[in-house]
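The structure appears below as structure tokens.
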Amino acid sequence: IQRFFPAFSAAQSPDTPSPATWQRVGELALWPLQPALERVLRSAWRLRLRRRAAAAPRADVVTSRGILKLHLSDYRRRTMERFDSRLASLRAEIAAGSSSRPPDTSLDPVGT
């Protein structure tokens with residue numbers, strides 16, 4: 001690696017347990033309570049998200065089993081309206097420009 005990346009230096013391994021080890025210990029300690037804890041936390045989180053979605057002006061939120069879609073500020077409609085408006089103005093410019101100008105024959109191999 002040093003041949004390709006001269007500034008690379010390998011990280012020293014820590015002497016303390018890694019966060020993954022502590023996470024595993026915590027998971028094992030909470031394992032008996034897991035089903036009940038999961039239900040309580042899921043209900044609390046769903047309630048919080050529903051309240052945030054209700055307060056958002058244009059929310060697109062789905063919180064069902066296996067689906068979590070959190071679009072609290074959906075800009076899709078506004079973006080598409082701006083795109084349509086810009087496309088219409090460009091089409092108008094092209095139509096106005098092609099009707100008021102003579103055709104460009106500078107690159108025409110047969111012309112002139």
Side-chain angles (χ1 to χ4, degrees):
I1 292 176
Q2 292 231 311
R3 191 171 82 207
F4 295 107
F5 302 103
F8 172 80
S9 65
Q12 299 297 322
S13 63
D15 293 333
T16 59
S18 68
T21 304
W22 288 112
Q23 179 180 350
R24 186 73 181 138
V25 168
E27 288 172 355
L28 288 173
L30 294 174
W31 180 71
L33 302 174
Q34 184 270 335
L37 190 59
E38 181 78 20
R39 278 192 299 276
V40 168
L41 292 175
R42 187 180 303 212
S43 297
W45 188 244
R46 190 174 287 141
L47 178 65
R48 180 178 187 274
L49 291 175
R50 284 187 181 142
R51 285 183 180 169
R52 285 193 63 197
R58 285 184 215 83
D60 185 14
V61 176
V62 178
T63 57
S64 62
R65 187 168 179 85
I67 299 174
L68 183 61
K69 181 179 177 186
L70 302 174
H71 297 263
L72 296 177
S73 299
D74 192 10
Y75 297 102
R76 186 177 336 154
R77 184 177 61 220
R78 185 172 26 168
T79 301
M80 291 307 295
E81 287 171 357
R82 288 179 60 200
F83 175 78
D84 288 341
S85 172
R86 182 66 178 139
L87 186 59
S89 68
L90 288 173
R91 285 181 174 159
E93 282 181 37
I94 290 170
S98 64
S99 64
S100 64
R101 253 187 291 168
D104 184 14
T105 57
S106 60
L107 299 177
D108 186 9
V110 181
T112 60

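None of the values given here were measured: they were computed from a predicted structure. In what follows, every heavy atom counts, from backbone to side chain, and hydrogens, waters and symmetry copies are set aside.
- In this structure, the side chain of Ser43 engages the main chain of Arg39 through a donor-acceptor pair within 3.5 Å.
- Arg24 meets the salt bridge (Lys or Arg N to Asp or Glu O under 4.0 Å) test with Glu27; sequence neighbours excluded.
- Of all heavy-atom pairs between Ala29 and Pro32, the closest is O-CD, 3.6 Å.
- Between atom CG of residue Leu28 and atom CD of residue Gln23 there is a gap of 10.5 Å, rounded to the nearest 0.5 Å.
- When the salt bridge (Lys or Arg N to Asp or Glu O under 4.0 Å) test is applied to Arg42, the partners found at least two apart in sequence or on another chain are Glu38.
- One finds the OG1 atom of Thr79 at 9.0 Å from the CD atom of Glu81 (value rounded to the nearest 0.5 Å).
- Here Arg3 pairs with nothing under the side chain to side chain contact (heavy atoms under 4.5 Å, CB included) rule; sequence neighbours left out.
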